[in-house]
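Report on the structure given below.
Every value quoted in this text rests on a predicted model; they were computed, and no experiment measured them. Just so it is clear: chains get the letters A, B, ... in the order the sequence lines come, proteins before strands, and each one is counted from 1. Just the heavy atoms: all of them, side chains too, but no hydrogens, waters or symmetry mates, feed the values below.
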2 protein chains.
Amino acid sequence: MDKEFKRKLAEIVKDNAWYMGLGDVSRATGISQTKLRYWERKGYITSKQGKNQNRKFSYSMLIKAYQIKLFLDQGYTLAVAAEKAAAKNNVLKLVREIIFDRFEDVDTYDNHPAINLGYFDEDKDKLLYAVVYDDGTQFKLVPAKINKDDQDSK
Amino acid sequence: MDKEFKRKLAEIVKDNAWYMGLGDVSRATGISQTKLRYWERKGYITSKQGKNQNRKFSYSMLIKAYQIKLFLDQGYTLAVAAEKAAAKNNVLKLVREIIFDRFEDVDTYDNHPAINLGYFDEDKDKLLYAVVYDDGTQFKLVPAKINKDDQDSK
DNA sequence: AAACGATTGTCAACTATCTTGACAACGATA
DNA sequence: TATCGTTGTCAAGATAGTTGACAATCGTTT
C-alpha cells in the first residue's frame with residue numbers, strides 16, 4: 001500500500017465525514033425515529049441539518065445513540081443514560097486514531113491473516129503484528145529482517 | 001466497561017449492519033451518483049435494495065467505492081481499479097475484528113489517552129497499551145500488577 | 001384517584017431524496 | 001469517422017423524512 005493511497009484512505013475514514021439519514025440510524029440501532037427526534041430535541045444527540053434538508057447523523061452519533069439505548073436497557077433514566085454515553089464517546093475516536101497512525105499493511109503470519117503495526121517501540125528491531133487465529137487475536141513480535149525477505153517473496 | 005455492554009456494542013460495530021443512501025455515499029466520497037449507479041450495474045459495488053426501495057450501501061462498500069476512485073485517480077482503468085479495490089477490501093474488516101477481539105478499556109498512560117489491548121502474548125505478566133502522544137502512537141508494555149492498582153484508584 | 005411532567009407515538013400535509021428509462025455527451029481507440 | 005465505455009441530464013414517479021398538533025403512556029407526587 002503506497003503512502004499517498006494510504007493517506008487518502010485514512011483521511012476519509014479518520015475524518016468520519018460520512019453521514020446517514022434518520023431511518024438508517026433507526027434501523028441500525030433499533031431505536032424509533034420518534035425517539036431519535038426527541039433525543040435530538042433534548043440535546044442528547046446531534047445531527048447535521050441544513051435549511052430545508054433532512055437530518056444527517058454521523059457514525060459517532062449512531063454509536064452514541066446506541067449506547068444511550070444500552071444504558072436505558074440497563075435501567076438508567078434517559079438523562080443519566082445520555083450522560084454516561086457522552087462520557088464514553090471518545091473510545092472509537094481513539095481507536096481509529098491509533099489504528100490509522102500505526103497501521104502499515106495487511107500480511108499473513110503463521111498462515112493466518114495479520115496486520116503489521118510497524119516497529120515495536122520497546123524493541124526497534126521488531127515489528128508488532130496482530131494475528132487473527134481461529135480462537136482469537138494475538139500480538140506477535142516479528143524480526144524486522146525476516147519480514148522484509150518475506151515481503152520480497154510476495 | 002462491563003462485559004455485556006461491551007459485547008452488545010461490539011456486536012453492532014462488528015456486524016457492520018448500518019447503511020446509508022446513495023447520496024450519502026456520493027457526498028462522502030466525492031463520486032457522482034451517476035457513477036455509483038453505473039459501477040453497481042457493472043458489478044463493482046453492491047447495495048442492499050429491496051423491491052421498491054432505495055439503494056442502501058454499507059460502510060464497507062463506501063470504502064470500496066472510494067478505493068476505486070483513488071485507483072482511477074492513479075490512472076488505472078475502471079475494471080482494473082475495481083479489481084484492485086476488491087483485493088484490498090478485507091483490510092478494515094480485519095482491523096475491526098482485531099480491535100474488538102482485543103480491546104479491553106480506555107485508560108491513560110503517562111497522562112496520555114491510551115487503550116488497553118489485554119495481556120501481551122509474548123509476556124503474560126504485561127499488558128499491551130497503545131498510547132496516543134502528540135507526535136504519534138506508541139505501544140507500551142505495562143506491568144499487569146501496577147495497572148491493576150491503577151484501576152482500583154479510579 | 002387526579003395531576004403533572006417526561007417520553008413516545010400517530011397523523012396530515014408537505015418537502016427532500018432517490019429511482020428508472022431514455023437519450024445525450026464525452027473521451028479513447030481503431 | 002465510427003464504435004464502445006463511461007458519465008450526465010431529465011421527466012415522471014416512488015421512497016424517505018419533516019413539522020406541528022394532538023394523543024397516549026409511564027412514573028412520580030399529591
Side-chain angles (χ1 to χ4, degrees), chain A residues 17-86, chain B residues 17-86:
Chain A
W18 32 277
Y19 299 90
M20 64 198 86
L22 186 75
D24 299 321
V25 175
S26 176
R27 280 187 295 275
T29 59
I31 301 161
S32 75
Q33 297 189 10
T34 300
K35 280 190 181 187
L36 287 166
R37 288 194 194 99
Y38 180 78
W39 294 1
E40 191 189 17
R41 214 174 70 221
K42 299 292 287 185
Y44 301 138
I45 59 176
T46 61
S47 69
K48 191 168 82 118
Q49 185 178 24
K51 185 173 172 63
N52 297 325
Q53 284 181 334
N54 290 351
R55 290 172 175 79
K56 291 294 174 189
F57 292 91
S58 70
Y59 175 63
S60 305
M61 210 48 62
L62 178 153
I63 293 296
K64 188 174 179 184
Y66 189 62
Q67 286 176 330
I68 292 175
K69 173 188 152 67
L70 291 182
F71 282 119
L72 284 177
D73 292 347
Q74 289 186 340
Y76 294 101
T77 64
L78 179 57
V80 173
E83 199 177 288
K84 283 178 168 293
Chain B
W18 32 277
Y19 299 89
M20 65 198 83
L22 185 76
D24 299 322
V25 176
S26 175
R27 279 185 296 273
T29 59
I31 301 161
S32 75
Q33 298 188 14
T34 301
K35 282 191 178 186
L36 289 166
R37 288 195 194 99
Y38 179 77
W39 294 0
E40 192 190 17
R41 217 175 68 219
K42 300 291 288 187
Y44 300 139
I45 59 175
T46 60
S47 68
K48 190 168 85 117
Q49 187 179 22
K51 186 175 172 62
N52 298 324
Q53 283 178 337
N54 291 353
R55 291 173 174 79
K56 290 295 174 188
F57 293 90
S58 69
Y59 175 62
S60 304
M61 209 47 65
L62 177 152
I63 293 295
K64 188 175 180 184
Y66 188 61
Q67 286 177 331
I68 293 174
K69 171 187 154 64
L70 290 182
F71 282 119
L72 284 177
D73 291 348
Q74 289 186 344
Y76 294 101
T77 64
L78 180 57
V80 172
E83 201 177 286
K84 283 178 170 290

Starting from P on dT18(D), measure out to NZ on K48(A) and report it in whole angstrom. 14 Å
Separation between CH2 (W39(A)) and NZ (K69(A)), nearest 0.5 Å, reads 8.0 Å
Look up atom CD in Q67(A) and atom NZ in K84(A), then write down how far apart they are to the nearest 0.5 Å. 11.5 Å
Strictly under 4.0 angstrom, non-hydrogen atoms only: write out the protein contact profile of nucleotides 4-19 of chain C, one letter per nucleotide from the 5' end, B, S or -. --SSBBB-----SSSB
Backbone of Y44(A) reached by a side-chain donor or acceptor of K64(A) within 3.5 Å: yes
Any sub-3.5 Å donor-acceptor pair from T29(A)'s side-chain atoms to I31(A)'s backbone N or O? yes
Using 30° and 60° as the class boundaries, would you call the ring planes of Y76(B) and F71(B) parallel, tilted or perpendicular? perpendicular
